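Here is the structure we will look at.
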Amino acid sequence: MNIPMTPLFGVAAAGSVAFLLIAIMKFGWGVAKAAPVGMLLSGLVAIFLYRSEPAAIALEAGKGVWNAATILLVIWPAIFSYEMICESGGFQAICRGIQALTRHELVQILILGWIFPSFLQGITGFGVAVAVGAPLLLSIGVKPFYSIVIVVLCHCWGATFGTLALAWEALIAQTGINSQQTVTAAVLAASMIWIYNLICVCFCLWLYGKQRAWKESASLVLFLSLILGGGELLLAPSHATIACFLPSALGLVAIFGVCRTERWRRPWRIEDSRIMDRKEQKETDSQSMSFHQAFLPYYALTGITIFCLLIPPVNRLLSQWKLGFSFPETVTASGFVTAAESLFSPLKPLTYAGSFLALSAVLSGLYYRKKGLICKGMIASVWKKTVQKCMSPTIAITCFIIMSKFMSSSGQIYVLSQGVVSLLGRYYVIAAPFFGMLGAFITSSNMSANILLGNFQRTAADFLGVNPALTAALQTVGGILGNAFAPGCVMMGISTTGYAQGEGTILKTILPISLICAIVFGVFGFLLL
């Protein structure tokens with residue numbers, strides 16, 4: 001291999017990523033607009049400077065399309081299911097049910113701002129948890145600004161293993177780490193995520209009532225954190241697909257059980273809480289749907305995933321069918337080799353998250369039709385809204401993945417990683433979370449950040465001679481930190497609450513927490529060397 005390690009090659013390799021930064025942050029381009037241009041730039045650099053063959057670039061584009069398809073076939077049914085519940089009035093029914101369950105105001109905030117959004121993040125992702133959770137908090141009297149801050153901070157822990165582990169699977173695919181390294185990375189990532197989530201929840205309790213809120217809810221928060229964070233840590237090494245979803249579902253069951261006790265069912269609130277504006281409290285709409293009917297898609301999804309993934313004989317049987325494509329070896333004129341793949345990124349349709357989501361949506365839709373909760377016209381509206389919501393991430397995700405394939409196969413990632421590691425040495429590990437955080441801030445997606453930078457982190461680890469599981473874990477944890485203040489995520493809350501003062505005030509509140517945690521986790525990673 002004789003790629004020149006010159007400033008020209010380094011600047012050209014960084015050009016596509018730099019363009020994304022400038023276009024999105026400086027000129028306000030949407031991700032769906034910036035991603036295709038970034039993809040085109042990386043392809044041109046690959047062909048004309050790094051001397052990749054056009055045929056090889058076409059093959060890499062094919063790989064990218066296939067990887068994107070496996071992700072998008074989860075996103076579309078997830079959003080369809082969400083829109084179906086919205087159209088039928090299901091989320092109003094959920095809010096009414098929680099208000100009837102407990103009159104403890106702080107517990108209501110924990111349910112609507114932490115536990116339920118975490119559950120939604122476990123299934124859907126892509127801002128749905130914020131879009132739903134923020135207005136639900138608003139309906140019980142939480143001010144718009146704090147509604148957004150609470151949900152954004154308390155749900156983002158699921159940005160790695162949520163959405164049935166799409167971001168995690170993307171990271172593993174991009175880094176190419178082996179099964180043992182994957183287990184190590186999962187343990188490291190889940191441990192740091194647990195700590196971060198507990199910090200975020202404690203911060204939100206402080207906003208509500210400082211020490212009084214901590215004293216009142218410490219035992220409950222620690223109990224729920226053990227279920228959510230501890231459950232994710234337990235499941236992530238072996239069952240990443242449900243590592244966020246199942247603990248979040250158990251967290252919902254646990255909090256509903258806790259609320260049956262007099263301790264947590266009784267009326268309680270801090271009258272002078274700065275986050276509350278009870279005069280503006282809104283009543284939920286009167287709907288015929290019950291709480292359990294509204295939760296039917298999630299009940300169905302839980303049952304299907306447990307049956308297909310957690311019963312070993314069933315899982316072994318269903319896992320036998322695989323779909324994938326073979327790709328030949330490619331070599332650039334500079335001698336950079338991309339190995340052949342006999343079965344590239346195989347998909348198991350019968351144990352695939354998208355299949356579970358689609359089946360649960362179909363079963364729930366049939367039930368709602370039978371009970372008269374939705375009609376044919378509603379389904380058309382649900383589909384229209386699903387298409388509107390999914391078009392932007394479909395374009396962005398596809399282009400990001402193809403862009404990462406162009407950069408990886410041509411040697412651009414190799415040159416960038418070597419340059420950064422040469423500059424920072426082993427201190428690069430401290431900076432690793434900041435790359436993930438920056439990527440998630442740019443793209444408003446931990447998954448997209450992992451796609452863009454996962455291979456970069458792997459190559460940097462190889463140059464340093466450290467376990468790539470460490471940099472992979474720091475990458476995705478950094479992505480969670482960036483997701484907490486990503487404009488796309490924050491804007492979902494702004495659009496559904498009517499908050500009028502813009503995202504700047506929200507970013508100023510959340511950014512210090514993310515920066516401090518990035519430093520702490522980076523130092524932690526450095527100490528593990």
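Remember, it's a predicted structure, so these values are computed and weren't measured experimentally. The first residue in the sequence is number 1, and the count goes up from there. Any value given below was found using the heavy atoms of this structure, including those in side chains, with hydrogens, waters and symmetry copies removed.
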Review point. Just how far is it from atom OG of Ser326 to atom CG of Leu343, taken to the nearest 0.5 Å?
Key: 8.5 Å
**Study point:** Where Pro433 and Ala518 come nearest, the two heavy atoms and their spacing
**Key:** CG-O, 3.8 Å
**Study point:** Point-to-point distance, once rounded to the nearest 0.5 Å, from CG of Leu438 to CG of Leu481
**Key:** 12.5 Å
Exercise for review: Among Ser417, Ser408, Ser409, find the one that has a side chain to side chain donor-acceptor pair (under 3.5 Å) with Asn455.
Suggested key: Ser408
Below 3.5 Å, can you tabulate the donor-acceptor pairs from side chains in residues 53-63 to any protein atom, sequence neighbours excluded?
| residue | atom | partner | partner atom | Å |
| --- | --- | --- | --- | --- |
| Glu60 | OE2 | Lys63 | NZ | 3.2 |

Practice item. Evaluate the side chain to side chain contact (heavy atoms under 4.5 Å, CB included) criterion for residues Lys322 and Leu347: first the C-alpha distance (whole Å), next the side-chain angles of each, then the deciding distance (0.1 Å), finally the verdict. Key: CA-CA 5 Å; Lys322 298 179 181 180; Leu347 174 69; over 6 Å; no
Revision key, fill the gap. Cys156 and Ala484 have their tightest heavy-atom pair at SG-CB, 3.8 Å
Exercise for review: Report yes or no: does Thr332 contribute a side-chain atom to a donor-acceptor pair with the main-chain N or O of Phe336 at less than 3.5 Å?
Suggested key: yes
Check your understanding: With sequence neighbours left out, what residues match Tyr352 under ring pair (Phe, Tyr, Trp, His ring centres under 6.0 Å)?
Key -> none
Exercise for review: Can you see which heavy atom on Glu232 is nearest to which on Pro247, and at what distance?
Suggested key: N-CG, 3.7 Å
Check your understanding: Going by heavy atoms in the side chains, are Leu207 and Tyr146 under 4.5 Å from each other?
Key -> yes
Practice item. Examine Phe161 together with Phe245 and report whether their ring centres are nearer than 6.0 Å. Key: no
Review point. Between Ala486 and Ala440, which heavy-atom pair has the shortest distance, and what is it?
Key: CB-O, 3.7 Å
Review point. Side chains of Ser514 and Met437: does their closest heavy-atom pair fall under 4.5 Å?
Key: yes
Practice item. Over 60° means perpendicular and under 30° means parallel, so classify the ring planes of Tyr427 and Phe526, tilted if in between. Key: parallel
Practice item. With sequence neighbours left out, write down each residue that passes side-chain hydrogen bond (donor to acceptor under 3.5 Å, both in side chains) with Trp66, or none if nothing qualifies. Key: none
Exercise for review: Show your working on side chain to side chain contact (heavy atoms under 4.5 Å, CB included) between Val37 and Leu20 and close with a plain yes or no.
Suggested key: CA-CA 9 Å; Val37 181; Leu20 291 176; over 6 Å; no
Review point. Hey, are the side chains of Ile199 and Cys517 touching, using non-hydrogen atoms and a 4.5 Å cut-off?
Key: yes
Exercise for review: Mind listing the closest non-hydrogen atom pair of Leu357 and Pro77 along with its distance?
Suggested key: CB-CB, 3.9 Å
Review point. Within the distance-only criterion (no hydrogens, no angle test), does the side chain of Thr184 pair as donor or acceptor with the backbone N or O of Gln180 below 3.5 angstrom?
Key: yes
Review point. Is there a side-chain contact between Leu153 and Ile510, using heavy atoms and a 4.5 Å cut-off?
Key: yes
Check your understanding: Measuring from Phe223:CZ to Leu228:CG, what's the distance to the nearest 0.5 Å?
Key -> 10.5 Å
Check your understanding: Please walk me through it: do Leu424 and Val420 pass side chain to side chain contact (heavy atoms under 4.5 Å, CB included)?
Key -> CA-CA 6 Å; Leu424 298 178; Val420 172; 4.0 Å; yes
Point to revise | Geometric class of the Phe435/Phe456 ring pair [parallel <30°, tilted 30-60°, perpendicular >60°] | key: tilted
Let me have the donor-acceptor pairs involving side chains of residues 464-474, under 3.5 Å, with sequence neighbours excluded, atom names and distances please.
| residue | atom | partner | partner atom | Å |
| --- | --- | --- | --- | --- |
| Asn467 | OD1 | Ala469 | N | 2.9 |
| Thr471 | OG1 | Gln457 | O | 3.2 |
| Thr471 | OG1 | Pro468 | O | 3.1 |

Practice item. Look at the aromatic rings of Phe325 and Phe327 and report parallel, tilted or perpendicular, splitting at 30° and 60°. Key: perpendicular
Review point. So do the side chains of Phe485 and Ile513 get within less than 4.5 Å of each other, counting heavy atoms only?
Key: no
Check your understanding: Below 6.0 angstrom between ring centroids: does that apply to Phe19 and Trp29?
Key -> yes
Check your understanding: Listed by chain and number, what are the side-chain hydrogen bond (donor to acceptor under 3.5 Å, both in side chains) partners of Ser448, not counting sequence neighbours?
Key -> Ser445
Check your understanding: Going by heavy atoms in the side chains, are Leu40 and Met403 under 4.5 Å from each other?
Key -> no
Check your understanding: Under the 3.5 angstrom rule, does the side chain of Gln181 hit a backbone N or O of Asn178 as a donor-acceptor pair?
Key -> yes
Check your understanding: Are any of the side-chain heavy atoms of Gln412 and Phe9 separated by less than 4.5 Å?
Key -> no
Revision key, fill the gap. Output for pair (Leu529 CG, Tyr428 OH), nearest 0.5 Å, gives 12.0 Å
Point to revise | Arg458 CZ to Ile172 CD1 distance, which is reported to the nearest 0.5 Å | key: 10.5 Å
Give every donor-acceptor pair under 3.5 Å between a side-chain atom in residues 234-242 and any protein atom, sequence neighbours left out.
none

Practice item. State, yes or no, whether a side-chain contact exists between Leu112 and Val151 at a heavy-atom distance under 4.5 Å. Key: no
Point to revise | Straight-line distance of Asn67 CG to Ile401 CD1, nearest 0.5 Å | key: 5.5 Å
Check your understanding: Does a donor on one side chain sit under 3.5 Å from an acceptor on the other, for Asn450 and Gln174?
Key -> no
Review point. When the ring centroid of Phe521 is compared with that of Phe434, is the distance short of 6.0 Å?
Key: no
Exercise for review: Go through the steps to decide whether Leu120 and Tyr82 satisfy the test side chain to side chain contact (heavy atoms under 4.5 Å, CB included), and finish with yes or no.
Suggested key: CA-CA 9 Å; Leu120 291 178; Tyr82 159 73; 5.8 Å; no
Exercise for review: Output yes when a side-chain donor or acceptor of Trp157 lies under 3.5 Å from a complementary backbone atom of Trp194, and no otherwise.
Suggested key: no
Point to revise | Expected output: side-chain Ser355 to main-chain Pro349 donor-acceptor under 3.5 Å | key: yes
Check your understanding: What heavy-atom pair brings Ile3 and Ser334 nearest, and what distance separates the two atoms?
Key -> CG1-CB, 3.7 Å
Practice item. Look at the side chain of Ser118 and the backbone N and O of Trp114, then say whether any donor-acceptor pair between them is shorter than 3.5 Å. Key: yes
Check your understanding: Do Thr160 and Thr476 have a side chain donor and acceptor closer than 3.5 Å?
Key -> yes
